[in-house]
Number of protein chains: 2
Amino acid sequence: MKKPTDSELEILQVLWDDGESTVRAVNEKLSESRHVGYTTTLKLMQIMTEKGLLARRKEGKTHIYSPTVSKSSTQQQLLSKLLHSAFDGSASSLVIQALGNSKSSKKELDEIREFLNELDKKKR
Amino acid sequence: MKKPTDSELEILQVLWDDGESTVRAVNEKLSESRHVGYTTTLKLMQIMTEKGLLARRKEGKTHIYSPTVSKSSTQQQLLSKLLHSAFDGSASSLVIQALGNSKSSKKELDEIREFLNELDKKKR
DNA sequence: AATATTTTACGAAGATTTTCGTAGAAAGGC
DNA sequence: GCCTTTCTACGAAAATCTTCGTAAAATATT
């Protein structure tokens with residue numbers, strides 16, 4: 001499956017957050033942060049359906065769209081792309097960069113430590 | 001500064017690895033992994049110079065190019081973009097995804113743990 | 001000096017992504 | 001039923017990114 005474009009990702013985010021939605025609903029959500037015409041959103045969602053990123057069913061006169069790809073698998077895909085294109089495939093250097101420049105809370109850092117321990121367990 | 005495109009990033013990688021280089025050298029490096037015409041690389045590097053991503057000086061008849069942006073700041077830029085577009089700004093979830101799907105060595109994991117401890121120290 | 005090679009500059013084609021106008025179909029209100 | 005609103009389909013313009021052909025300038029070779 002091909003990587004979603006930036007605009008496509010925006011739409012996926014809305015659908016992951018809100019669940020299946022009409023074009024109108026998605027467009028209104030997007031319009032909160034920037035101007036975007038209704039038919040622009042419509043066209044993108046039609047294209048995404050052709051590509052297989054979205055599925056739709058008809059309800060009355062409108063279509064209701066839902067994602068066919070999961071959030072985590074998409075995140076994985078984008079992350080893996082970045083890992084190889086910008087970090088020479090070194091996950092640890094990516095992770096350290098990510099942590100270095102983000103003000104993560106103590107709680108989040110503990111969460112990560114916990115995760116590291118589990119990984120270790122599996123390794124042993 | 002605008003995010004480099006995929007092709008631009010490839011070129012930056014060569015220059016970060018090898019240091020300042022001619023178009024020919026960059027093109028040869030790129031050609032190791034995929035076919036790409038000499039003038040294609042030339043054109044891209046000219047555009048990157050216009051954009052301010054590269055600088056060049058003349059030596060004899062050829063130009064010698066060098067990056068004006070650092071690898072780490074570019075990584076940071078791309079990471080931050082991904083963080084917000086795909087991970088709702090949650091660095092910990094990005095990090096956990098990154099670790100979960102990469103087979104990092106014990107040593108790398110320890111490196112990360114070490115980094116977490118330093119972050120904690122600074123937090124206190 | 002004539003010829004060949006290398007490099008640059010330019011422009012434009014091709015591909016992809018993003019945007020929206022227009023027309024027509026579908027539904028609802030009067 | 002007729003008018004208004006909402007939605008879809010289509011096509012194409014605009015923007016960005018990628019690719020390369022061609023020609024001219026600079027240099028090297030013989």
Side-chain angles (χ1 to χ4, degrees), chain A residues 1-15 20-66 69 74 77-78 81-82 85-86, chain B residues 1-15 20-66 69 74 77-78 81-82 85-86:
Chain A
M1 184 64 60
K2 260 202 72 186
K3 181 171 82 94
T5 66
D6 286 348
S7 305
E8 289 173 347
L9 186 56
E10 278 188 333
I11 289 173
L12 284 172
Q13 288 284 12
V14 173
L15 293 173
E20 54 171 26
S21 308
T22 62
V23 173
R24 175 129 330 259
V26 171
N27 183 249
E28 268 164 21
K29 196 74 171 276
L30 294 180
S31 299
E32 288 170 14
S33 37
R34 65 186 185 91
H35 170 80
V36 53
Y38 175 84
T39 51
T40 301
T41 305
L42 170 65
K43 181 69 167 186
L44 272 172
M45 290 174 76
Q46 284 170 342
I47 291 171
M48 292 171 76
T49 304
E50 275 172 33
K51 288 191 190 174
L53 288 171
L54 302 184
R56 70 182 191 183
R57 62 188 166 79
K58 195 147 196 172
E59 181 150 311
K61 84 167 150 170
T62 84
H63 283 128
I64 301 192
Y65 291 80
S66 48
V69 292
T74 304
Q77 189 187 3
L78 295 170
K81 176 96 190 308
L82 183 66
S85 67
Chain B
M1 185 62 61
K2 261 201 76 188
K3 182 170 82 95
T5 66
D6 286 347
S7 304
E8 289 172 347
L9 187 56
E10 277 188 334
I11 289 173
L12 284 172
Q13 290 283 12
V14 173
L15 293 174
E20 53 171 29
S21 308
T22 62
V23 173
R24 172 126 337 255
V26 171
N27 183 249
E28 267 163 22
K29 196 74 171 277
L30 293 181
S31 299
E32 287 171 13
S33 37
R34 65 185 184 89
H35 171 78
V36 52
Y38 175 84
T39 51
T40 301
T41 304
L42 170 65
K43 180 68 167 188
L44 273 171
M45 291 175 74
Q46 285 172 342
I47 290 171
M48 290 170 76
T49 305
E50 276 173 32
K51 288 191 189 174
L53 288 171
L54 302 184
R56 70 183 191 184
R57 62 189 168 79
K58 195 147 196 169
E59 181 150 312
K61 83 168 151 174
T62 83
H63 283 129
I64 301 192
Y65 291 80
S66 48
V69 293
T74 303
Q77 188 187 3
L78 295 170
K81 176 96 191 309
L82 183 65
S85 68

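All chains are named by letter (A, B, ...) in the order of the sequence lines, taking the proteins before the strands, and each is independently numbered beginning at 1.
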> Between C:dC10 atom P and B:M45 atom CE, what is the distance in whole Å?
Replying inline: 17 Å
> With the threshold set at 4.0 Å, does a side-chain nitrogen-carboxylate oxygen contact exist between B:R34 and B:E10?
Replying inline: yes
>> Let me confirm one number: the OH-CG distance from A:Y65 to A:L12, rounded to the nearest 0.5 Å.
In response: 13.5 Å
> If only side-chain N and O atoms of B:R56 are considered, is one of them under 4.0 Å from the OP1 or OP2 phosphate oxygen of C:dA9?
Replying inline: yes
> How many Å lie between CD on B:E8 and C1' on D:dT19, as a whole number?
Replying inline: 14 Å
> Ignoring hydrogens and geometry, is there a side-chain-to-backbone donor-acceptor pair from A:T49 to A:M45 under 3.5 Å?
Replying inline: yes
>> Under a 3.5 Å distance rule, please check whether B:T22 uses its side chain to pair with a backbone N or O of B:A25 as donor and acceptor.
In response: yes
> Nearest-Å distance, CD (B:E59) to C1' (D:dA28)?
Replying inline: 17 Å
>> How would you summarise protein contacts on nucleotides 24-30 of chain C per nucleotide, using B for base, S for sugar-phosphate only and - for none, with heavy-atom distances below 4.0 Å?
In response: --SS---
> Expressed in angstrom and rounded to an integer, what is the separation of A:M48 atom CE from C:dT16 atom C1'?
Replying inline: 15 Å
> Between D:dT18 atom P and B:N27 atom CG, what is the distance in whole Å?
Replying inline: 16 Å
> Rounding to a whole Å, what distance do you find between B:E10:CD and D:dT18:P?
Replying inline: 9 Å
>> If I compare all heavy atoms of A:Q13 with all of B:S85, which pair ends up nearest, and what's the gap?
In response: NE2-O, 2.7 Å
> Can you tell if the side chain of B:S21 reaches within under 4.5 Å of the side chain of B:L15, non-hydrogen atoms only?
Replying inline: yes
> Just by distance, do the side chain of B:N27 and the backbone of B:L42 share a donor-acceptor pair under 3.5 Å?
Replying inline: no
> Could A:K81 and B:D6 be called an ion pair, given the rule that one side-chain N must be under 4.0 Å from one carboxylate O?
Replying inline: yes
>> Show, in sequence, the C-alpha distance, side-chain angles and deciding distance for A:L9 and A:L78, and conclude whether the side chain to side chain contact (heavy atoms under 4.5 Å, CB included) test is met.
In response: CA-CA 10 Å; A:L9 186 56; A:L78 295 170; 3.9 Å; yes
>> By nearest atom, which of the nucleotides D:dT8, D:dC20, C:dA9 is closest to the B:H35 side chain?
In response: D:dC20
Atom pairs, protein N/O to nucleotides 1-4 of chain D N/O, distance under 3.5 Å:
none

>> Just the rounded figure in Å: distance from P of D:dT18 to CG of B:L9.
In response: 11 Å
> Could you state the OH-P distance from A:Y38 to D:dT6, rounded to the nearest angstrom?
Replying inline: 10 Å
>> Whether A:R24 contacts D:dT8 is assessed here as follows: a side-chain N or O lying under 4.0 Å from the phosphate OP1 or OP2. Is that the case?
In response: no
> Taking only N and O in the side chain of A:H63, is any of them less than 4.0 Å away from OP1 or OP2 of D:dC7?
Replying inline: no
> Are OP1 or OP2 of C:dT19 and a side-chain N or O of A:R34 less than 4.0 angstrom apart?
Replying inline: yes
> Knowing that exactly one of B:R56, B:R57, B:K61 qualifies, which makes a side chain to side chain contact (heavy atoms under 4.5 Å, CB included) with B:E59?
Replying inline: B:R57
> NA contact type, A:T40, heavy-atom cut-off 4.0 Å: base, sugar-phosphate, or nothing?
Replying inline: base
>> Could you report the tightest heavy-atom contact between A:M1 and A:G52, atom names first, then the distance?
In response: CE-O, 4.5 Å
What pairs of nitrogen or oxygen atoms, one from the protein and one from nucleotides 10-17 of chain D, lie under 3.5 Å apart?
| residue | atom | partner | partner atom | Å |
| --- | --- | --- | --- | --- |
| D:dG11 | N7 | A:K43 | NZ | 3.2 |

>> Salt bridge or not between A:E8 and A:K3? Use side-chain N to carboxylate O under 4.0 Å.
In response: no
